[in-house]
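Okay, structure first, notes after.
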Amino acid sequence: MIPAKRPVGRPRKNWDVKGVKGVKGPQPTQVRVREVLDDQHNGHLTATQQSHSQLTELEERVNDLGDSWETESLFEDVIDDLAEEEFFHDVDACTPQERVRYRRQLRETGPANFCRATVESGSITAKKLLTAFGIRPPAFLEGFPDYSYFGLLTLALTRELAKRPKLMRYNTIDDAVDLLKTSRNIVVLTGAGISTSLGIPDFRSKENGLYNQLEKLGLEIDEPSDVFHIDVFRDRPNVFFSVAKDILPTTKVFSPTHAFIAMLQNQNKLLTNYTQNIDNIEANAGISPEKLVQCHGSFATATCQKCRYQVPGETIYPDIKAGKIPQCVKCTIALKSRPIKRKRSYNKSSSKKSRRSRSEDDDDSDGQYDIPEPGVMKPDITFFGEDLPDKFSQRLGKHDRDLVDLIVVIGTSLKVAPVSEVVGFLPAHVPQIYISREPVSHANFDIDLLGDCDVVVAELCRRAGWDLNHKMVQGNQRPSIKLAEGYQSRYYFETVKPEIRS
Ligand code: OAD
């Protein structure tokens with residue numbers, strides 16, 4: 001069974017990743033890690049004995065990856081916060097070349113030999129080796145002996161080995177073009193990044209992302225993404241409806257990236273477009289409902305949370321736009337025909353109150369009358385804590401898994417499970433291309449094409465000889481493309497603005 005929608009990592013209250021760098025003061029888990037390490041450090045062993053026994057332990061542990069010890073499980077809580085795909089310039093970090101070399105060496109020699117040849121031989125510290133796997137040495141370990149980093153290193157190695165290995169034969173942009181030209185059953189997995197060129201914000205971009213904007217509103221929630229948590233919705237639907245009017249799908253246009261996906265469909269190459277977007281823009285571009293899985297639902301319908309009555313989504317738009325909580329018409333009609341029951345037995349004060357008019361008493365604030373409320377209508381978008389539509393697992397497991405011959409992931413941070421797990425679920429031998437502004441550290445793609453997705457897909461089409469007919473694509477424009485330092489298959493695309501001659 002596919003589990004409910006949740007942020008990547010272990011289920012926990014604070015789902016969204018917050019960099020340790022930006023956090024003022026240690027977080028509870030970090031304090032606990034420090035305490036455990038303090039205990040170890042102040043124990044009976046001398047530092048040298050400790051270091052030696054820890055090295056043996058590291059070797060044992062990597063031989064048996066998957067084991068758990070207290071420090072390690074505590075580290076697990078913070079590892080997502082420390083993972084970055086960009087290089088660290090402010091710490092003693094591995095160079096891009098070293099990074100590629102260490103990652104390859106780990107896979108080729110296995111974890112035990114890898115540890116022997118690195119930390120155990122003294123050729124590199126565990127602290128520095130962490131950076132080869134995209135893990136920032138945490139500030140709360142600063143000043144501790146190198147063996148204090150072993151728990152984190154074990155996890156970093158586990159994480160790396162759990163990733164699908166990159167297919168070494170696909171590396172260049174032209175390899176990507178050839179794959180697009182020759183594949184017949186392409187799975188395209190999309191996220192909010194494919195709509196940002198239309199002025200719709202994504203969720204997690206630092207500057208303009210919706211969650212950053214929500215943070216400034218001072219809503220009474222722990223994390224901005226709580227706006228989309230089902231428990232919060234059940235308790236306080238007003239939180240969601242205070243922002244819902246700003247995310248209603250209203251536009252009838254589509255981006256060049258949507259046009260690109262529609263083009264794959266028209267060439268009979270599109271197996272399925274799994275979209276996490278709730279903006280319904282795929283329909284504007286002509287992507288057929290049979291080829292589309294709206295993994296996080298959509299505003300197309302809304303359902304009463306009490307009686308499950310479903311209506312077309314647009315019927316609740318007027319309430320949403322007016323900032324009101326939409327209520328179920330079916331419940332309302334049923335309730336009108338029911339007599340209002342007194343809740344408590346007679347007493348003097350309630351008698352006074354009972355003479356007040358109904359309208360004054362509608363909120364039943366003193367609880368004297370049993371006045372049932374109609375149910376709240378919730379747009380059928382999948383909130384955190386809710387199951388994804390059945391079509392997601394049905395299509396993925398029973399149809400696409402056996403047919404897919406290319407996976408193209410576009411404009412998503414892959415931070416929300418189970419959609420983030422799709423790339424690991426599909427057969428590892430199927431080539432994978434990633435197109436987005438920033439690289440991700442928790443999945444291995446064969447080719448990373450980084451930059452604005454509209455620019456990237458336009459260049460892929462140009463090289464393929466396909467006419468991506470869209471008014472936002474300028475036929476004569478060529479992006480500047482740079483190979484990322486230390487990589488053979490990661491490219492940065494930048495739009496070159498035509499020179500203006502005076
Ligand atoms: P995110 O905001 O997490 O990620 C969007 C990614 O697209 C980021 O990595 C951006 O850098 C990148 N991006 C933005 N504009 C781009 C552009 N023009 N070209 C290329 N890349 C661009 O959004 P999702 O991954 O879609 O759930 O988020 C997944 C889910 O988390 C959403 O479905 C949403 C949210 O909670 C809901 O509940 C509605």
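All values derive from a computational prediction rather than experimental measurement. Remember, it's 1-based here, ligands and their atoms both numbered in the order they're listed.
Side-chain atoms of E282 and T275 form a donor-acceptor pair, as typed in the model, at a separation below 3.5 Å. Residues T412 and Q276 have side chains that bring a donor and an acceptor to within less than 3.5 angstrom of each other. A side-chain donor from one of Q294 and N280 sits under 3.5 Å from a side-chain acceptor of the other.
Using a 4.0 Å cut-off between charged side-chain N and carboxylate O, D405 and R184 make no salt bridge. A salt bridge links K127 with E142: at least one charged nitrogen is closer than 4.0 Å to a carboxylate oxygen. The pair D446-R164 meets the salt-bridge criterion, since a charged nitrogen lies less than 4.0 angstrom from a carboxylate oxygen.
Look at F384 and you'll find a heavy atom under 4.0 Å from some atom of ligand 1. Note on ligand 1: S225 sits outside its first shell, no heavy atom being nearer than 4.0 Å. Taking 4.0 Å as the cut-off, D452 counts as a neighbour of ligand 1 on heavy-atom distance. The shortest separation from a heavy atom of G451 to ligand 1 is under 4.0 Å, placing the residue in contact.
At the top of the distance list for atom 29 (C) of ligand 1, counting protein heavy atoms only, stands Q276 OE1, 3.2 Å. Ranking protein heavy atoms by distance to atom 33 (O) of ligand 1, first place goes to H296 ND1, 2.7 Å. Atom 10 (C) of ligand 1 has its closest protein heavy atom at D202 OD2, 3.4 Å. Given atom 27 (O) of ligand 1, the protein heavy atom at minimum distance is K5 NZ, 3.0 Å. Annotation: atom 26 (O) of ligand 1 to nearest protein heavy atom, A192 N, 2.8 Å. Among all non-hydrogen protein atoms, the one lying nearest atom 25 (O) of ligand 1 is T412 OG1, 2.6 Å. Scanning the protein for heavy atoms near atom 36 (O) of ligand 1, the closest one is Y211 OH, 2.5 Å. Closest to atom 12 (C) of ligand 1, if we only count protein heavy atoms, is S436 OG, 3.5 Å.
Of the heavy atoms in R437, both backbone and side-chain atoms come closer than 4.0 Å to ligand 1. The parts of F203 lying near ligand 1 are both backbone and side chain, judged by heavy-atom distances below 4.0 Å.
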- Test log, rule ring pair (Phe, Tyr, Trp, His ring centres under 6.0 Å), inputs F203 and Y211: CA-CA 5 Å; F203 293 89; Y211 290 156; 5.4 Å; yes

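Ranked by closest heavy atom to atom 31 (O) of ligand 1, the top entry among K415, Q294, K206, R204 is R204. Comparing S413, G209, S195 against atom 9 (O) of ligand 1, the shortest heavy-atom distance belongs to S413.
Residue-to-ligand polar distances place C453 within reach of ligand 1: an N/O pair is separated by less than 3.5 Å. For ligand 1, the polar-atom distance check finds no N/O of S197 at less than 3.5 Å from any of the ligand's N/O atoms. For ligand 1, the polar-atom distance check against I278 finds no nitrogen or oxygen pair separated by under 3.5 Å.
Side-chain contact between L396 and L426: present, with at least one pair of heavy atoms (C-beta onward) separated by less than 4.5 Å. Residues I200 and T251 have side chains in contact (heavy-atom distance under 4.5 Å, counting atoms from C-beta outward). You'll find the side chain of F493 reaches within 4.5 Å of the side chain of E459, heavy atoms only. Side-chain atoms of V187 and V404, non-hydrogen and from C-beta on, do get closer than 4.5 Å to each other.
Residues F233 and F241 place their aromatic rings such that the two centres sit under 6.0 Å apart.
When each atom of ligand 1 is checked for a heavy atom of G193 under 4.0 Å away, the hits are 7 (O), 13 (N), 14 (C), 15 (N), 16 (C), 17 (C), 18 (N), 19 (N), 22 (C). Close approach of ligand 1 to V416 (heavy-atom distance below 4.0 Å) involves ligand atoms 29 (C), 30 (C), 31 (O). The G191 neighbourhood of ligand 1 comprises atoms 26 (O), with distances under 4.0 Å to a heavy atom of that residue. Listed by number with element, the atoms of ligand 1 under 4.0 Å from a non-hydrogen atom of G411 are 5 (C), 6 (C), 7 (O).
A donor-acceptor pair is defined here as one N or O able to donate and one able to accept, closer than 3.5 Å; such a pair exists between the side chain of K378 and the backbone of I381.
Annotation: cation-pi geometry not satisfied between R159 and F133 (NZ/CZ under 6.0 angstrom from ring centroid, within 45° of ring axis).
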